[in-house]
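All remarks here apply to the structure that follows.
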Amino acid sequence: AAEPWPENAALYQQLKEEQILLSDNASSLAVQAFLQMCNLPVRVVCRANAEYMSPSGKVPFIHVGNQVVSELGPIVQFVKAKGHSLSDGLDEVQKAEMKAYMELVNNMLLTAELYLQWCDDVTVEEITHPRYGSPYPWPLNRILSYQKQWEVKRKMKAIGWAGRTPKQVLDDVDQCCQALSQRLGTQPYFFNKQPTELDALVFGHLFTILTTELITDELSEKVKNYSNLTAFCRRIEQQYFEGRDKDSSATAAARPAMRSLLR
Amino acid sequence: MAKSMELICWGGDWGLPSLHPESLTVMAYAKFSGAPLTLNLVNNSWRAPKGDVPVLTSEDTVISQPVKILDFLRKQKYNADYELSAKEGADTLAYIALLEEKLLPALLHTFWVEAENYCSVTKPWFASRIAFPLSLYLPGKMSREALNRILLTRGKPPLFSLTEVEAQIYRDAKECLNLLSKRLGTSQFFFGDMPTTLDAFVFGFLAPIYKVCFPRVQLQEHLKQLPNLCRFCDDILTCYFRLSVSGHSPSGQDTADANLQKLTQLVNKESNLIEKMDDNLRKSPQHPPRKLTMLKLAAGGEESSPLNRLSP
């Protein structure tokens, strides 16, 4: 039974123009794409302290009725409990594959994004530190970003990525994109003709990588090597994001803003 | 192309060639691809393992992580994956990521963080294979690293407490096992009839859960409810590691045997008691047994030996 989706459902993320980082933007875009695919309207609210408001410490999170759910996995389950699901038409083996590919994206792409943002010194100095603490006055902005960097570095060390060079990380991104490209093949979506949460997740990450300018273009070049992936991103953007009349569609505003601010 | 390659890894017990998931993965892959590896099991010598085990040494190169070791073996033309299509190769990467994200935390927890398991099984086993005084320090360090890894990848900042996370990681692990079982279905290996990298990884992660006997075994019990995964592990053990299946769950077999023995002993004791009681009864003056015994002896001859004993 489909429960009614409230009108004032809101998705919280950090400030789009000045504060949000590559990995968080990717996660947020993935959730927005997923909700669009389910035809559930949600408005995007930007708050500087979104990370602290979130129940799990990660953005984005949605506020629906009187419930707050964060991160794509729990949001997908929450939406399913409300009666909307994109992956009902898949059989068991396909569902297993879908979950496996979602983990691949989380394991490799997300971790690579975090690494490049927080462990690559040049990027950290020029992009991440200024952006992360921008809503706050000095010295709070420096303290918060150092704290976050320390947290991310601890995590990298625990999973064994601390000793990696950026080149190795980029090679891993390439391998991941190759796997995604081979799985997608010539189909419009990953499974049949209908998009699923995997498509939303892949779109979120790849689109953000393609449209965010970092110090070098190496990361987006890796994705551009695979034409079916770029076509996939364009297709989803046209289908789900271009018709939106809301104040600023997530993508159109993000692109020039990011390009101008991130140099 | 036969360079001499040596693999340093943890040894095994309970019917497994190794208890350490990563070592087991590399060993399985070597068997599948036919690579000649000399195994150097970490034992009580002074050549202490420096952090990353398994380590492959081949002439001058030293390689430490399983993924890199497998890459190296492939470059040496020991490739178990050459029959896979591109899509199957992509699936392999995806499923390995699934294993690492969903199953590994629970595996680490069962081995290294769960207090009863760690103190009664893991720590003594590993400590017995490392030289003193490292044996006092290294298992503790491995346990702390495991806990750290679980908390940082699964815990919620800023408190990072374990109790919230435990239930979630076991749920995730059971779901992962269910997914693997559905993917395997009824086929012998994950991609047809020949084992590949994915089979090596799955075997490396599943076999320790399946075989090692812990006091707290919720994951093992869940795995035993998925018969195709158990069959998968047993098949690889019998075909590629030449270990007899009867050794597979020695404790299980032993307890069954022990129970059977106890039962037969009890039955024997009971029957002896009954015989003695009969003895006493027949010897007692109230009972006029002699006629009976005489009759029986006359009729039956040798068959009734207890009755023979009865005869005065």
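Chain identifiers are assigned alphabetically (A, B, ...) following the order of the sequence lines, protein sequences preceding nucleic acid strands; residue numbering begins at 1 within each chain. Small disclaimer: the values here were computed from a predicted structure and weren't measured.
Under a 3.5 Å cut-off, the side chain of B:Y95 and the backbone N or O of A:Y101 do not form any donor-acceptor pair.
Applying the side-chain hydrogen bond (donor to acceptor under 3.5 Å, both in side chains) test to B:H20 and every residue at least two apart in sequence or in another chain returns B:S23.
Within 6.0 Å of NZ on A:K80 lie no more than 12 heavy atoms contributed by other residues, nucleotides or ligands. Annotation: B:K123, atom NZ; neighbour count of heavy atoms from other residues, nucleotides and ligands within 6.0 Å does not exceed 12. Shown here is B:Y137, whose OH atom has no more than 12 heavy atoms of other residues, nucleotides or ligands within 6.0 Å. Counting non-hydrogen atoms of neighbouring residues, nucleotides and ligands closer than 6.0 angstrom, the CG atom of A:D91 exceeds 12 such neighbours.
In terms of heavy atoms, A:A158 sits closest to B:L152 at CB-CD1, 3.7 Å. Residues B:A90 and A:A179 share a closest heavy-atom pair of CB-O, 3.3 Å.
For chain B, the option among A:L180, A:I159, A:V105, A:V93 with the highest count of heavy-atom pairs below 4.5 Å is A:I159. Annotation: maximal heavy-atom pairing with chain B below 4.5 Å, among A:R183, A:E97, A:K95, A:K155, occurs at A:E97. Across A:Q94, A:M102, A:M108, A:K99, the residue that shares the most heavy-atom pairs under 4.5 angstrom with chain B is A:K99.
Applying a 4.5 Å heavy-atom cutoff, the residues of residues 177-191 of chain B that approach chain A are B:L179, B:K182, B:R183. Within residues 195-208 of chain B, no residue approaches chain A closer than 4.5 Å by heavy atoms. Contacts of residues 101-110 of chain B with chain A at a heavy-atom distance below 4.5 Å involve B:E101, B:K102, listed in sequence order.
Contact annotation for A:Q175: both backbone and side-chain heavy atoms come within less than 4.5 Å of a heavy atom of chain B. In this structure, chain A has no heavy atom under 4.5 Å from any part of B:E88.
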B:N148 vs A:R154, test: side chain to side chain contact (heavy atoms under 4.5 Å, CB included). Steps then yes/no.
CA-CA 9 Å; B:N148 217 9; A:R154 261 181 83 196; 3.8 Å; yes
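We find the CE-CG distance between A:M98 and B:L98 to be 11.5 Å, quoted to the nearest 0.5 Å.
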